[in-house]
Amino acid sequence: MYGSEPQKMSQGGGKTVPQSFRSLSPRRMSLITLAQAERIIDAIIERGAALDLRPISVIVVEPGCKVKAFKKEDGASMIRFEMAFGKAYAALALGRSSKLVHQRAEERPIFMRYLIAASGEQIFPEGGGRLIRDDNGEVIGAVGVTGDTEDRDEELAIFGIHAAGFKTDEDCAAMGRRIGLLKSNPGTRRSSPRKRGPR
């Protein structure tokens, strides 16, 4: 009991403060660390070199899309930071891979144009942005990969997440709605009524 008193005083006193502090603790613990972010990035760049891909640039961000780490291979072209960031931002903003965001942009271009504008042009709907999840399925960050084809960037993002011991949306699919995942792409479900023809 005495041990809890300094904590109360340091937080401003009052019975509600320790409870609030405890409620924040799990969230603080769920942020990706710098060491973990660098493991993801290094694994992706090494994999890209092993596959003889074009120079790769990789970003890892915290929830809220605050940059944790970024690396750009020698020879990579301009604005790679912005593209990698935009892919990670898209994944976090819409709660799905940026490749699925790209699909949504093709299905509903006006809607996606609005979202991009609402984000201050930060969303980049192109494959290579992936949510990073812990063992409980909680989002602890996102990775954005750019430099090669969309499919290769996506493949590398998944590889890096797994190389660092984390999980992708697919790995956590069984957890479903509890962690914000749907069993199928909403665009797929939306397309079936169109087969009935015009009303």
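Side chains included, hydrogens not; waters and symmetry mates left out as well; all remaining heavy atoms used.
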Could you tell me whether [X] and [Y] make a salt bridge, using a distance below 4.0 angstrom between a side-chain N and a carboxylate O?
| X | Y | answer |
| --- | --- | --- |
| D169 | R96 | no |
| K87 | E126 | no |
| R113 | E106 | no |

Just so I know, are the side chains of [X] and [Y] near enough to count as touching, which here means a heavy-atom distance under 4.5 Å?
| X | Y | value |
| --- | --- | --- |
| L53 | L156 | yes |
| I179 | C172 | yes |
| D171 | H162 | yes |
| K68 | L34 | yes |
| F124 | E82 | no |
| K72 | I56 | no |
| K99 | E150 | yes |
| T168 | R130 | yes |

Does [X] use its side chain to pair, donor to acceptor, with the backbone of [Y] at less than 3.5 Å?
| X | Y | result |
| --- | --- | --- |
| D148 | R54 | yes |
| N136 | E138 | no |
| T33 | Q36 | yes |
| E154 | G128 | yes |

Is it the case that one hydrophobic cluster holds both [X] and [Y], taking links as side-chain heavy atoms less than 4.5 Å apart, direct or via other members?
| X | Y | value |
| --- | --- | --- |
| L92 | V58 | no |
| V145 | I132 | yes |
| V101 | M83 | no |
| V139 | L100 | no |
| L51 | I161 | yes |

Subject >> side chain to side chain contact (heavy atoms under 4.5 Å, CB included) partners of K71, counting only residues at least two apart >> reply: I41, D42, I45
Original post:
Who pairs with A118 by side chain to side chain contact (heavy atoms under 4.5 Å, CB included), at least two apart in sequence or on another chain?
Top reply: Y114
Looking at [atom1] of [X] and [atom2] of [Y], how far apart are the two atoms once the value is rounded to the nearest 0.5 Å?
| X | Y | atom1 | atom2 | result |
| --- | --- | --- | --- | --- |
| K167 | D135 | NZ | CG | 5.0 Å |
| R80 | I59 | CZ | CD1 | 13.5 Å |
| T146 | F85 | OG1 | CZ | 14.0 Å |
| I32 | R39 | CD1 | CZ | 8.5 Å |
| S97 | Q103 | OG | CD | 7.5 Å |

Nearest heavy atoms of [X] and [Y], plus distance in Å:
| X | Y | result |
| --- | --- | --- |
| A91 | S98 | CB-N, 4.4 Å |
| I44 | A157 | CD1-CA, 4.1 Å |
| I123 | Y89 | CG1-CD2, 3.6 Å |
| A43 | A163 | CB-CB, 3.6 Å |
| R133 | F166 | O-CB, 3.4 Å |
| A105 | M112 | CB-CG, 3.5 Å |

Subject >> Under the ring pair (Phe, Tyr, Trp, His ring centres under 6.0 Å) test, residues paired with F70 that sit two or more places apart >> reply: F81
